[in-house]
Amino acid sequence: MINTPDKDMIAPYVSTSWTLQTLHDTACAEIPEQPGVYFIYIPQGMSIRFQPTADNHHAPFYDVAVLQEKYHNCGHPAVLYIGKASGKKGLRQRLRQYMKYGWNEAVNHKGGRAIWQIEHAERLLLTFEVCPDADAREHQLLKEFRQMYHTLPLANWKT
């Protein structure tokens, strides 16, 4: 079960977190090739401001007013996205895809794309949990988030 608001949901994983910029620059070299779930969250002291567009133009953008309303109502403003990596090369492959998408180098990771409409998204933090059944774990985390906050994280749109 998710604990109390703020970063309690991701607290067990925060000791190992990276900025999105670092993950992009290192091609996720320190990320394991195992299945798991990952969390994108706001570093302490960072404010969120949405842009109408982003560098990657391969998917429709969300309206800024929609993002602002969803963020305002999300109930846990620190956690922005919960994603899964269940492919053959696990977290490393999926996060490489995500970083390449955000830097307009690939088109194969449209999930969580609202992240890239955040001004200075490269400063956001990412942490992960290795688990054998990433699909089930992501579903569980999103279900718990929805039960506690009556909504999903900003960049998650469906369970």
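- H120 is listed as a side-chain neighbour of M46, based on a closest heavy-atom distance under 4.5 Å.
- Atom SG of C28 is separated from atom NZ of K100 by 9.5 Å, given to the nearest 0.5 angstrom.
- For E33, the side-chain hydrogen bond (donor to acceptor under 3.5 Å, both in side chains) criterion is met by R92, not counting sequence neighbours.
- P52 and Q117 make their closest contact through O-NE2, 3.6 Å (heavy atoms, listed as atom of the first residue, atom of the second, distance).
- The structure places OH of Y101 at 8.5 Å from CG of N104, a figure rounded to the nearest 0.5 Å.
- Here the shortest heavy-atom pairing between L20 and A121 reads CD1-O, 3.4 Å.
- Panel note: side chain R96, backbone A27; a donor-acceptor pair is recorded below 3.5 Å.
- For the atom pair T16 OG1 and E129 CD, the distance stands at 11.0 Å (nearest 0.5 Å).
- Using cut-offs of 30° and 60° for the angle between ring planes, the Y81 and Y38 rings count as perpendicular.
- Minimum heavy-atom separation, F50 to I118: CE2-CG1, 3.7 Å.
- Summarising the geometry of P132 relative to P35, their closest heavy-atom pair is O-CG, 3.9 Å, with the distance given to 0.1 Å.
- Contact check for D25 versus W103: no side-chain heavy atoms found under the 4.5 Å cut-off.
- Among residues two or more places apart in sequence or in another chain, the side chain to side chain contact (heavy atoms under 4.5 Å, CB included) test is passed with E119 by R49, Q51.
- Proximity of I42 to V79: side-chain heavy atoms (C-beta onward) are nowhere separated by under 4.5 Å.
- Shown here for L154 and L67, the closest heavy-atom pair between the two residues is CD1-O, 3.7 Å.
- Annotation: side chain to side chain contact (heavy atoms under 4.5 Å, CB included) contacts of P32 (sequence neighbours excluded): Q34, L91, F128, V130.
- Only one option out of I31, L125, L124 pairs with W18 in a side chain to side chain contact (heavy atoms under 4.5 Å, CB included); it is I31.
- Rounded to the nearest 0.5 Å, atoms CG (D135) and OG (S86) are 4.0 Å apart.
- Listed by first and then second residue, the salt bridge (charged side-chain N to carboxylate O under 4.0 Å, His left out) pairs involving residues 60-82 amount to none (not counting sequence neighbours).
- Put simply, the side chain of L80 does not reach to within 4.5 Å of the side chain of P153, judged on heavy atoms.
- For the pair P77/Y71, a side-chain contact is recorded, criterion being any heavy-atom separation below 4.5 Å from C-beta on.
- Checked against the 6.0 Å centroid criterion, the rings of Y98 and W116 qualify as a close aromatic pair.
- In this view, E138 and K84 satisfy the side-chain hydrogen bond (donor to acceptor under 3.5 Å, both in side chains) rule, not counting sequence neighbours.
- Rounding to the nearest 0.5 Å gives a distance of 12.0 Å between CD1 of I40 and OG of S17.
- Q97 and R94 are linked by a side-chain donor-acceptor pair at a separation below 3.5 angstrom, with hydrogens and angles left out of the test.
- Residues meeting the side-chain hydrogen bond (donor to acceptor under 3.5 Å, both in side chains) test with T19, sequence neighbours left out: T22.
- One side chain, W157 or Y62, offers a donor N or O that lies under 3.5 Å from an acceptor on the other.
- The CZ atom of F39 lies 7.5 Å from the OG1 atom of T127; values are rounded to the nearest 0.5 Å.
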